[in-house]
Amino acid sequence: MVTLDELTSALGGRLLGNPDTQVTGLAGLAQALTDQLTFLSHPKYVSELAKTQAACVIVSPAHADLAASRGACIVVDDPYAYFAAATRWWRHKFGPAYPRGIHPTAVIDPDAEVHPSASIGPLCVLEAGSKVGPQTRLSSRVTLGFGCSIGARCIVHAGVVIGADGFGFAQSQGRWEKIEQLGHVRIGDDVEIGANTCIDRGALGDTVVSDGVKLDNLIQIGHNVQIGAHTAMAGCVGVAGSAKIGAHCTIGGGAVVLGHLELVDGVHISAASVVTRSILKPGHYTGIFPIDENKSWEKNAASLRQLYGMRDRIKRLENPTTDTKLQD
Amino acid sequence: MVTLDELTSALGGRLLGNPDTQVTGLAGLAQALTDQLTFLSHPKYVSELAKTQAACVIVSPAHADLAASRGACIVVDDPYAYFAAATRWWRHKFGPAYPRGIHPTAVIDPDAEVHPSASIGPLCVLEAGSKVGPQTRLSSRVTLGFGCSIGARCIVHAGVVIGADGFGFAQSQGRWEKIEQLGHVRIGDDVEIGANTCIDRGALGDTVVSDGVKLDNLIQIGHNVQIGAHTAMAGCVGVAGSAKIGAHCTIGGGAVVLGHLELVDGVHISAASVVTRSILKPGHYTGIFPIDENKSWEKNAASLRQLYGMRDRIKRLENPTTDTKLQD
Amino acid sequence: MVTLDELTSALGGRLLGNPDTQVTGLAGLAQALTDQLTFLSHPKYVSELAKTQAACVIVSPAHADLAASRGACIVVDDPYAYFAAATRWWRHKFGPAYPRGIHPTAVIDPDAEVHPSASIGPLCVLEAGSKVGPQTRLSSRVTLGFGCSIGARCIVHAGVVIGADGFGFAQSQGRWEKIEQLGHVRIGDDVEIGANTCIDRGALGDTVVSDGVKLDNLIQIGHNVQIGAHTAMAGCVGVAGSAKIGAHCTIGGGAVVLGHLELVDGVHISAASVVTRSILKPGHYTGIFPIDENKSWEKNAASLRQLYGMRDRIKRLENPTTDTKLQD
């Protein structure tokens, strides 16, 4: 339990209302109980402001009067960013602490380098020549392959595999001959990597994940891929080998990016879309089959197989004379 | 090896034939050898009944006479459910036993609670405040995050991660600022979770998996998701944050459910379909591009880009006068 | 650092140029530095040959003269296969060695069999009755379930789960009753399995992965699946239960193969395609919605829902008389 005074002393913001008001947790506008802190991040939710039971609401200056008329509020320029900071402050104050150092069950090669301020959780494996930067945390059961490195202030969740072999084979007389993957994985600062995500080592050069990248769970990053700074990918994305993805991109959940493509900075791919060509213009791109009742889908999907023919038939209907000539 | 007498004494059913007949295993109707037990669950396979070599067939009353005419049979109302029970009985009798208690290599926080009848396999990690209910089994290498709980009689397969951070960030000046995930994961009774599946902790509230839910391998469940009782999801499904999925739903393999959607009870999603909107009517929904020979697909896919234009052209062909006016 | 003499003494090939030339690594044609070895595998890159800075280029006889005119080269029939062999030789010479035997942190059931030449990495789990063949390597954190076997010279990357239960339930009064999975997983020789991939045990019979199969990361192989020899699957593929996939097939990343289907030998599935029917003719098959700017996609996707109707309208335009009759 904290007072609003404690909170604003730590995080700033202009407090309107009683500084001794106590809050016991954070919650959404609609769900908040009478002893919780909440926030209004978007004007479209302003109608919920009057109805919320929250002890205190974080608002922008535009909503200060309205919020103050119902109770305590904290006025800041960016309520969502302030709320995010409040969750971090709260977690740090009340959540379980991550001990610095290496858990005794982790398996650390004598040639691995771990910064003294890093935290290596239970049952992690750090192979020879791997490096973990300051304040970076490996949750539990993370494998960091030989020669691979992670920068500062990263969070790597359970089950992540960094530096498994890329998928490289030469076909020879109907068999696949292994191409040893001689590169590494280099991960920048402030990167977060979700549970059971895999990032393969490069074939000859390195796979590179730049500063500030956020990867969700169960993502596959192929060998030699380069991901630009502050790009975010949602769960279950697959990026094939040697794709080059720009900075400040977002890739929706379950999307697939084929190999050897380039996406420039500021490209946004909708969930489950398949990127089959380079995208050289920033923007929002989509390619999914719209979901429908199965019966309707079946009819439309069957017609889809004849789409090319339909186009021809329209052409003939539009140009009946030409068509006759063609048929002569 | 067991006799039919032993089997029916344990599991019930009306045995027609010699109770001393011995069976050494279970198998499908077509594959069964002369010393195996099999079942006929659906009338469409009735023609295989005469051909099976099985020592004994589990059948419904409707097929009792036919089955008895070829050899021993067990007559029950629901042959498939009886067969399922037989596999469980068989496994319990002959399979490797799962020892109660905690494997010495598991890493258990002193503040975790494990029911004495639970089984925690090798190299699992239970963080502070996590709870495992009676008769629940964690196979091996499972991570259960702080404050997360699992009910009774659950089975959690190898590599599962429960309670990693949800994917929550506030964008601020081109960077992603972490929103700490303060909620937990609550899993009901009789839930099964497949290998390497991930269930993220809630942002503020909890992620909830209700009683009897069955999740296959490599599934991603985002933060705050709620899954209703007895819903089943096949492998590689991704459910984005705050989706609310009803009871008795089935989600086919590789399907994607976007965030903040609602699926009511009794919704069935075909494999690989993408749910982009709430589905408020029970039923069967599909949205996949039909597979075709690559050459045909290329032609149809190219036409697809012009589909909107084709619709317009049909409209103009249907209304030539209007069209002329528009062109004036 | 090695001399070209050392390299060709080990791997063969006709060396043109100074055998004492030293190389410090391998690289692509465009990236290679002056002390690196590279290769020309495809005539379309021949223009880069003159520009490469590499110390030595592996080429086919057709390009020997051109390559020799710019510096040292190794002439072989199949430059790509030779390059692959060079990576393996290099890795063996300079990479970290994988020690034979069992890492002390691995958890090995007394009834598991591990060939003395195999390498079992840290924190692996081998259950009762599992078998690992000669020269096979389990990287780290691999689970091999009871009764499952792996052949010779396989590589299994971190986080792989072999032999978790297949997804089998009988529905009974709205609940899912578990069908115990009584089969095993049998993996042949020279198989490679990528990080966090899962291969489920069979329900009654076995799941079978034949010799020379290569599976990338985060792949799901359902129970009873059979995969023919030398078939390769890219990352994030899902194969549902009882599918039978032939030999020498390739399945692109993120593709889904539904259950109980058959794919004959030599079938190639494009990335992210969904195989909904058996494919009995070798060839290349595709089924993905082409990606587009979101605005265009929205218009085309909306039209797609009316595709069946559009086909009818074209029919009516083509047969106006018939249409009139129908409307009478």
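In what follows, every chain begins at residue 1, and chains take the letters A, B, ... in the order their sequences are listed. All values below come from the heavy atoms of this structure, side chains included, with hydrogens, waters and symmetry mates left out. Predicted model, so just to flag it, every value in this text is computed and none were measured.
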Is it the side chain or the backbone of F83(B) that comes within 4.5 Å of chain C heavy atoms, both, or neither? side chain

If we only count heavy atoms from C-beta on, is the M310(C) to L307(B) side-chain gap below 4.5 Å? yes

Under 4.5 Å heavy-atom distance to chain C, tell me which part of T250(B) shows up: side chain, backbone, both or neither. side chain

Would you call K281(C) and E293(B) a salt bridge, taking side-chain N to carboxylate O under 4.0 Å as the test? yes

Part of L258(C) within contact of chain B (heavy atom distance under 4.5 Å): side chain

Mind checking whether I155(B) and K178(C) have side chains closer than 4.5 Å, heavy atoms only? yes

When heavy-atom pairs shorter than 4.5 Å are enumerated against chain C, which of G194(B), S41(B), P96(B), G28(B) gives the highest number? P96(B)

Which of the residues H157(B), H248(B), R305(B) is involved in the greatest number of heavy-atom pairs with chain C at under 4.5 angstrom? R305(B)

Should E192(B) and F167(C) count as side-chain neighbours, where that means a heavy-atom distance under 4.5 Å? no

Test item: N300(C) and Y308(B) side chains (from C-beta on) under 4.5 Å apart, heavy atoms: yes

Heavy-atom contact with chain C under 4.5 Å, split by part of D190(B): side chain

Closest non-hydrogen atom pair between T87(B) and L182(C), with its separation: O-CD2, 4.0 Å

Chain B contact via I219(C) - which portion, at a heavy-atom distance below 4.5 Å: backbone

Of all heavy-atom pairs linking P290(C) and L304(B), the shortest is CD-CD2, 3.6 Å

Less than 4.5 Å to any heavy atom of chain B: does that hold for the side chain of F289(C), its backbone, both, or neither? both

Residue pair L204(C) / Q36(B), side-chain heavy-atom distance below 4.5 Å: no

Using non-hydrogen atoms and a 4.5 Å limit, figure out which bit of I288(B) sits close to chain C: side chain, backbone, both or neither. side chain

Check whether V160(C) gets within reach of chain B through its side chain, its backbone, both or neither, counting any heavy atom under 4.5 Å. backbone

Does the side chain of L123(B) reach to within under 4.5 Å of the side chain of R141(C), using non-hydrogen atoms? no

Heavy-atom distances under 4.5 Å only: say whether H92(B) touches chain C with side chain, backbone, both or neither. neither

Using a 4.5 angstrom heavy-atom cutoff, name the option from A164(C), A128(C), G174(C) with the most pairs to chain B. G174(C)

Check whether any side-chain heavy atom of I291(B) lies under 4.5 Å from a side-chain heavy atom of I269(C), and answer yes or no. yes

Do D216(B) and Q220(C) come within less than 4.5 Å of each other through their side chains, counting heavy atoms only? yes

So which part of L215(B) gets closer than 4.5 Å to some heavy atom of chain C, the side chain, the backbone, both or neither? backbone

What part of V267(C) gets within 4.5 angstrom of chain B, counting heavy atoms only: side chain, backbone, both, or neither? neither

Supply the atom-to-atom distance H284(C) NE2 to N294(B) CG, rounded to the nearest 0.5 angstrom. 4.0 Å

Segment of V275(C) engaging chain B (4.5 angstrom heavy-atom cut-off): both

Given S273(C), S172(C), G205(C), C198(C), the one with more heavy-atom pairs under 4.5 angstrom with chain B than any other is C198(C)

Picking from L218(C), V274(C), V256(C), D109(C), which has the most non-hydrogen pairs under 4.5 angstrom with chain B? V274(C)

